[in-house]
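Quantities reported herein were computed from a predicted structural model and do not represent experimental measurements. Naming: A, B, ... by sequence-line order, numbering from 1 per chain. Only heavy atoms go into these numbers, but all of them, side chains included; no hydrogens, no water, no symmetry mates.
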2 protein chains.
Amino acid sequence: MRDPEATLRQHDLPVTAQRLAVLRAVSRHPHATADDLAESVRADIGTISRQSVYNVLNVLTDKGIIRRIQPADSPARFEDRIGDNHHHLVCRSCGRTEDVCCAVGEAPCLKAHSHHGFKIDEAEVIYWGTCPACQKKR
Amino acid sequence: MRDPEATLRQHDLPVTAQRLAVLRAVSRHPHATADDLAESVRADIGTISRQSVYNVLNVLTDKGIIRRIQPADSPARFEDRIGDNHHHLVCRSCGRTEDVCCAVGEAPCLKAHSHHGFKIDEAEVIYWGTCPACQKKR
DNA sequence: CATAGTTTTTGACAAAGTCCAAAACTCGGT
DNA sequence: ACCGAGTTTTGGACTTTGTCAAAAACTATG
């Protein structure tokens, strides 16, 4: 995130300390959960309510400034990196999440073609596996 | 599901009325939630505890007899149809879920190749969109 | 049919998030 | 620099989905 304050203004969002701090936290900790981010924000500006973290994350997600990812058996995670159509690789045992470019060049599996009359707007891919650390543990 | 009772015996699971009823319910209502299934089971055998529904669904999932799918913003859903590597199409507004065969023949995007040292065991694809009914509503 | 070992039930609990009303803040206009 | 309208933030209660634990009921083997 180049300039959090400018980003907020561009989207007609009043600039508040909480929003700036959450934006910085998401930027510094990609794939963090709301709780992780709350902690990070508190280390930064001292205090923030749980509800505000959710409020801010929801507004930023609605405006398309950040992206929410919600793998099974994990609280929602958030990221900065948007608009480049990447996917995610999630560790089944610890939840560690990494970005992966689409496996096959220009995303053939993302070609949304109609089925059952649905209007498809996105194809989400999650690769499930075990991260190096968890492979060692067992 | 051909023969629920035989299926249970094949997996060394004691046969109980609850398990049979849950199996039948999953079979009759693909992509139903635990709550939906509980209701369906009650219509069938009269009564079942909430916990038992979860117990049974967990055992059946662990044994690979049924599959659990967990789209974002939805409780878990269950299905009968396993082992044919199909994916899902989910309506963002009502949660309606349909099966779709892999978009590109033999699932190129499902080729699990290593990244970040992870050992990948599955690639999950969810197509997001709006179902015909919800397209009309808005 | 007895009994060892599972299942089922009941009720409390946990995690992640939302709802609501009151207090605090942002920012445009003066 | 200050006011005031409108938005955010806060704190607390609440909801949903699911798990834990112990007692009662059941399955299936001998």
Side-chain angles (χ1 to χ4, degrees), chain A residues 4-23 25 31-42 44-63 65-66 68-78 90 94-95 97, chain B residues 4-23 25-26 31-39 41-42 44-63 65-66 68-78 90 94-95 97:
Chain A
E5 185 165 342
T7 305
L8 290 175
R9 292 196 196 287
Q10 278 159 30
H11 290 85
D12 290 314
L13 290 172
V15 176
T16 68
Q18 290 85 347
R19 284 175 176 166
L20 290 175
V22 169
L23 262 180
H31 312 136
T33 64
D35 252 23
D36 297 338
L37 294 169
E39 247 190 274
S40 168
V41 167
R42 286 190 192 110
D44 187 1
I45 63 169
T47 162
I48 192 173
S49 70
R50 203 168 60 105
Q51 184 61 55
S52 288
V53 175
Y54 282 108
N55 285 162
V56 172
L57 291 172
N58 286 339
V59 172
L60 297 179
T61 303
D62 289 349
K63 292 284 186 176
I65 299 171
I66 62 176
R68 170 191 283 124
I69 51 189
Q70 295 169 264
D73 297 317
S74 160
R77 291 163 184 275
F78 298 86
V90 182
C94 72
T97 304
Chain B
E5 185 165 342
T7 305
L8 291 175
R9 292 196 197 286
Q10 278 159 30
H11 289 85
D12 291 314
L13 290 174
V15 176
T16 68
Q18 289 84 349
R19 284 175 176 165
L20 291 174
V22 169
L23 262 179
V26 171
H31 311 136
T33 64
D35 251 23
D36 297 337
L37 294 169
E39 247 191 274
V41 166
R42 287 193 190 108
D44 186 1
I45 62 169
T47 162
I48 193 173
S49 69
R50 204 167 60 105
Q51 184 61 54
S52 289
V53 175
Y54 281 108
N55 285 162
V56 172
L57 291 172
N58 286 340
V59 171
L60 297 178
T61 303
D62 289 348
K63 293 283 186 179
I65 298 170
I66 62 176
R68 171 190 283 122
I69 50 189
Q70 296 170 264
D73 297 318
S74 160
R77 291 162 185 274
F78 297 85
V90 183
C94 72
T97 305

Could you tell me the separation between the [atom1] atom of [X] and the [atom2] atom of [N], rounded to a whole number of Å?
| X | N | atom1 | atom2 | answer |
| --- | --- | --- | --- | --- |
| B:Glu5 | D:dT27 | CD | P | 11 Å |
| A:His11 | D:dT8 | NE2 | P | 14 Å |
| B:Asp62 | C:dT7 | CG | P | 12 Å |
| B:Lys63 | C:dT7 | NZ | C1' | 14 Å |
| B:Arg77 | D:dT17 | CZ | C1' | 13 Å |
| A:Leu57 | C:dA16 | CG | C1' | 13 Å |
| B:Leu60 | C:dT6 | CG | C1' | 15 Å |
| A:Leu20 | C:dT26 | CG | P | 10 Å |

Hey, does [X] reach any base, or is it just sugar-phosphate, or nothing, if we go heavy atoms under 4.0 Å?
| X | result |
| --- | --- |
| B:Asn58 | sugar-phosphate |
| A:Asp12 | nothing |
| B:Val59 | nothing |
| A:Asn55 | base |

From [options], nucleotide with atom closest to [X] side chain:
| X | options | answer |
| --- | --- | --- |
| B:Arg9 | D:dA28, D:dT10, D:dG18 | D:dA28 |
| B:Ser52 | D:dG18, C:dT9, C:dA16 | C:dT9 |
| A:Ile48 | D:dT10, D:dT9, C:dG17 | D:dT10 |
| B:Ala34 | D:dG18, C:dT7, D:dT8 | D:dG18 |
| B:Tyr54 | C:dC27, C:dA16, D:dG18 | D:dG18 |

For this session: Measure the spacing between CD1 of B:Ile48 and OG1 of B:Thr16 and express it to the nearest 0.5 Å.
Result: 7.5 Å
For this session: Kindly indicate whether the side chain of A:Arg50 and the base of D:dG11 share any N or O donor-acceptor pair separated by less than 3.5 Å?
Result: no
Does [N] have its OP1 or OP2 closer than 4.0 Å to a side-chain nitrogen or oxygen of [X]?
| X | N | answer |
| --- | --- | --- |
| A:Thr16 | D:dT9 | yes |
| A:Gln18 | D:dT10 | yes |
| A:Ser49 | D:dG11 | no |

Exercise. Starting at the 5' end of DNA chain C and moving along, which residue's nearest nucleotide shows up first, B:Leu13 or B:Gln51?
Worked result: B:Leu13
Problem set entry | Donor-acceptor pair between B:Ser52 and B:Asn55 side chains, under 3.5 angstrom | no
For this session: State, yes or no, whether a side-chain contact exists between A:Leu13 and A:Arg19 at a heavy-atom distance under 4.5 Å.
Result: yes
For this session: Report yes if the side chains of B:Gln18 and B:Val41 come closer than 4.5 Å at any heavy-atom pair, otherwise no.
Result: no
For this session: Decide if atom CD of B:Glu39 counts as having more than 12 heavy atoms of other residues, nucleotides or ligands within a radius under 6.0 Å.
Result: no
Problem set entry | A:Asn58/A:Thr61 under side-chain hydrogen bond (donor to acceptor under 3.5 Å, both in side chains): CA gap, chis, key distance, verdict | CA-CA 5 Å; A:Asn58 286 339; A:Thr61 303; 5.4 Å; no
